[in-house]
**Q** 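Can you keep this structure in mind? I'll have questions shortly.
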Protein chains: 2
Amino acid sequence: MTTNEDLMTIREMCDSFEVTPRTLRFYEAKELLFPIRDGQKRLFTRQDRGRLKLILRGKRFGFSLEDIRQLLDMYDRSGVQTEQLARTVEKARERLAQMERQQAELGEAIAELRDQLSWGEQELARAASRDAAQ
Amino acid sequence: MTTNEDLMTIREMCDSFEVTPRTLRFYEAKELLFPIRDGQKRLFTRQDRGRLKLILRGKRFGFSLEDIRQLLDMYDRSGVQTEQLARTVEKARERLAQMERQQAELGEAIAELRDQLSWGEQELARAASRDAAQ
DNA sequence: AGTGAAGTTGACGTTAGCGTAAAGATAACG
DNA sequence: CGTTATCTTTACGCTAACGTCAACTTCACT
C-alpha cells in the first residue's frame, strides 16, 4: 500500500533521465527533490521520479528552477486544492504569453536576418561573377 | 571630407540608443567600439554609431557580443573583401538555422503547454461547478 | 573659492545551473 | 586485506552582460 522497493540509486536515476549526479544533488539542494537515505546514500522514490519528470518538462517550457519549485510545492502541498490550482494555471498562462511573445520576436528576427542574408549572398554572387570574368 | 564635428558625448549616445554609460564602456573594453578622446572624455564618431547600430541589431538576432565583434572586424577590416564576406554569410546562415530550430522547439513547447493548460482550466471549471452545487 | 554636473578608472557583485576537483566513506570482489 | 567502484560533502569555478559602488578629475557657473 505504501510505496516500497521501487527505489532507485542516483546512477539509475541518471541513466533513466539523462542527467548527471551533480544535477540531482543540485535539485535536492534547491528543494525540488527529496530522496530518502540509506546511510550515506540517496534513494529516489517513485515520487521523486514524478517530480523529476515535471522538472524536466518545466525546463523545456523555459520555467526557471525557482518557478518550478513553487509549482511543485503547490501541487503536493494539498493535492489539487482549488486555489493552488488556480495559481498554477495563472502561472502557466503568464508563461505561455511570454513564450508567444518570444516566438513572435524570434519570427521577426528571423525574417530580418533572412533579408540581410540574401543581401550578403547576392553580394557574394556578384563577387564570384567578377572573379570569373577575370 | 574627413569625418568631423559629428561627435557625440557618452550621454548623447546613451540617450539616442537607450543604453547606459556602463554598456558603452563595456563595449569599448570588449573592442566593439573605439571612441576617440578629448582629454579624459570619450567622443563617439559616426563610425561608432554605425557599429553600435549593428551591435544592437546583432543582439536582437541573438548573437553573442563575441560573435558580433568578429563580424564587425570582418566588415571594416577590408571593406567588403570577398572571403571575409563569405565567412560573415556563413555565420549568419548558421545562426539562422539555430534560430529556426529554436523557433520550432518553442512552438512544440507552446503546444504542449497549451495542452496542459486546458487540462488545468477544465479541472478548475469542474471545481467551480462543485462549489456552486454546494 | 565653492559647488554641482558629468565624466573617468577600477574592481567587486549578480544570476542560473550546473562542472569539477579534493578528500573521505562504504561496500563488494577476489 | 587490498583494490576498485560508487557514493558522499564541501567548496570554488565558470559564462554573459552588464550593475553598482568608490574615489577622482574636469569644467562650467556663481
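Throughout, protein chains are lettered first and strands after them, A, B, ... in sequence-line order, and every chain is numbered starting at 1.
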**Q** Have Q98(B) and R95(B) got a donor and an acceptor in their side chains that come within less than 3.5 Å?
**A** yes
**Q** So if I take residues 90-110 of chain A and measure heavy-atom distances to DNA chain C, which residues fall below 4.0 Å?
**A** none
**Q** I need the NZ-P distance between K30(B) and dT15(D), as an integer number of Å.
**A**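 It is 10 Å, rounded to the nearest whole Å.
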**Q** Hey, does the side chain of R60(B) reach the backbone of A109(A) with a donor-acceptor pair shorter than 3.5 angstrom?
**A**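 Not confirmed, R60(B) side chain does not pair with A109(A) backbone.
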**Q** Show your reasoning for whether salt bridge (Lys or Arg N to Asp or Glu O under 4.0 Å) applies to E90(B) and R93(B).
**A** CA-CA 5 Å; E90(B) 187 51 26; R93(B) 279 203 189 112; 3.4 Å; yes
**Q** Okay, side chain of E12(A), backbone of T9(A): is any donor-acceptor separation there less than 3.5 Å?
**A** yes
**Q** If I take atom CG in residue L24(A) and atom C1' in nucleotide dT9(D), what distance separates them, rounded to the nearest angstrom?
**A** 16 Å
**Q** Are E66(B) and R69(B) ion-paired here, with the side-chain N under 4.0 Å from a carboxylate O?
**A**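 Yes, E66(B) and R69(B) are salt-bridged.
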**Q** With salt bridge (Lys or Arg N to Asp or Glu O under 4.0 Å) as the criterion, how do R126(A) and E123(A) come out once you've worked through the C-alpha distance, each side chain's angles and the decisive distance to 0.1 Å?
**A** CA-CA 5 Å; R126(A) 276 192 285 278; E123(A) 203 55 26; 2.7 Å; yes
**Q** Side chains of F34(A) and Q47(A): closer than 4.5 Å at any heavy-atom pair?
**A**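 Side chain of F34(A) against side chain of Q47(A), heavy atoms only: no contact under 4.5 Å found.
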**Q** Please give, in whole Å, the distance from dA6(C) P to D15(B) CG?
**A** 10 Å
**Q** Which letter, B, S or -, goes with each nucleotide of nucleotides 15-20 of chain C from 5' to 3', with contact meaning a protein heavy atom under 4.0 Å?
**A** --BBBB
**Q** Take the protein atom CG of L52(B) and the nucleotide atom C1' of dC18(D), then report the distance between them rounded to whole Å.
**A**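 Interatomic distance, CG of L52(B) to C1' of dC18(D): 15 Å.
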**Q** Could you walk me through whether R37(A) and E28(A) pass the salt bridge (Lys or Arg N to Asp or Glu O under 4.0 Å) check?
**A** CA-CA 12 Å; R37(A) 293 304 179 99; E28(A) 183 182 357; 3.7 Å; yes
**Q** Let me know the distance between CG of L43(A) and C1' of dA27(C), rounded to the nearest Å.
**A**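 L43(A) atom CG is separated from dA27(C) atom C1' by 14 Å.
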**Q** Within a strict 4.5 Å, meaning less than it, do heavy atoms of the K53(A) and F17(A) side chains meet?
**A** yes
**Q** So, taking the atom named CD in E100(A) and the one named CG in L106(B), what distance separates them when rounded to the nearest 0.5 Å?
**A**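 Between E100(A) CD and L106(B) CG, I get 9.0 Å after rounding to 0.5 Å.
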**Q** Quick one: are T45(B) and P35(B) in side-chain contact, heavy atoms under 4.5 Å?
**A**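 The answer is no; the side chains never approach within 4.5 Å.
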**Q** Nucleotides 2-7 of chain D: which of its N/O atoms have a protein N/O under 3.5 Å away?
**A**
{"from": "dC7(D)", "atom 1": "OP2", "to": "R11(A)", "atom 2": "NE", "distance (Å)": "3.3"}

**Q** Can you tell me how far C1' of dC18(D) sits from CD1 of I55(B), to the nearest Å?
**A**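 So the CD1-C1' distance, I55(B) to dC18(D), works out to 14 Å.
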